[in-house]
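Structure record follows, encoded as C-alpha cells.
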Amino acid sequence: MQKLEAQLAFLEQFPGFNPGAEDLKAELQRQIEEETNFFQSKHLEDKTVEEIIQVGNNLGIWRSLSNNEKVQIYRRITKVNCIAATNLLKLSPS
C-alpha cells in the first residue's frame, strides 16, 4: 500500500490537468481504498489466505481493526491452514 500511496503522491505533484494522469490517480485511489477496506469486506470467506496475509502485512490496517474483526481473520487463516494440513496428511504415504 505504501507503494501505491507514493505513486499517488508523485502524480498529485504535477501541475495542470492531464486526463490520463487523472485516470491513473483515480485508479490508484481505488486500489488504496480497496486495500484499506479489505478486512471490512463482508466476503472475507472469499479471500484466500495469501490475500489476507499479503494485505495483513500493513501494521496500520491491523491497528484499525476491532478485536472482533481480528478474531474473524485469525479464524479464517487457521481454518484454511487446518484444512490444508489435513489434506497433506491424507496424501502422505502411511
Side-chain angles (χ1 to χ4, degrees):
M1 187 159 74
Q2 291 173 340
K3 185 177 180 181
L4 295 172
E5 290 171 337
Q7 290 173 347
L8 181 59
F10 180 77
L11 285 173
E12 288 176 340
Q13 293 176 7
F14 285 110
F17 179 80
N18 179 317
E22 294 302 316
D23 290 344
L24 185 53
K25 286 194 289 188
E27 176 61 20
L28 288 169
Q29 186 63 43
R30 185 196 63 75
Q31 290 177 17
I32 291 168
E33 288 175 13
E34 185 177 293
E35 283 195 24
T36 303
N37 297 324
F38 183 86
F39 290 125
Q40 279 80 32
S41 170
K42 300 239 187 260
H43 304 288
L44 186 60
E45 290 292 320
D46 296 336
K47 307 296 184 192
T48 66
V49 170
E50 291 82 8
E51 290 174 314
I52 294 170
I53 291 171
Q54 182 178 12
V55 173
N57 282 332
N58 183 332
L59 187 57
I61 291 175
W62 283 109
R63 289 182 177 158
S64 71
L65 299 173
S66 70
N67 286 338
N68 288 336
E69 290 168 325
K70 290 175 187 174
V71 167
Q72 180 185 8
I73 293 163
Y74 296 147
R75 285 183 180 153
R76 170 74 173 123
I77 292 171
T78 56
K79 175 182 172 185
V80 171
N81 285 339
C82 287
I83 291 170
T86 301
N87 290 337
L88 284 175
L89 288 174
K90 288 179 184 177
L91 295 174
S92 66
S94 301

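Keep in mind that the numbers below use all heavy atoms, side chains included, and drop hydrogens, waters and symmetry copies.
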side-chain hydrogen bond (donor to acceptor under 3.5 Å, both in side chains) involving Glu27 - partner list, sequence neighbours excluded: Arg30, Gln31
From Ile32 atom CD1 to Lys3 atom NZ, the distance as rounded to the nearest 0.5 Å: 12.5 Å
Compile the donor-acceptor pairs under 3.5 Å between side chains in residues 11-23 and protein atoms, sequence neighbours left out, one pair per line.
| residue | atom | partner | partner atom | Å |
| --- | --- | --- | --- | --- |
| Asn18 | OD1 | Gly20 | N | 2.8 |
| Asn18 | OD1 | Ala21 | N | 3.2 |
| Glu22 | OE2 | Lys25 | NZ | 2.9 |

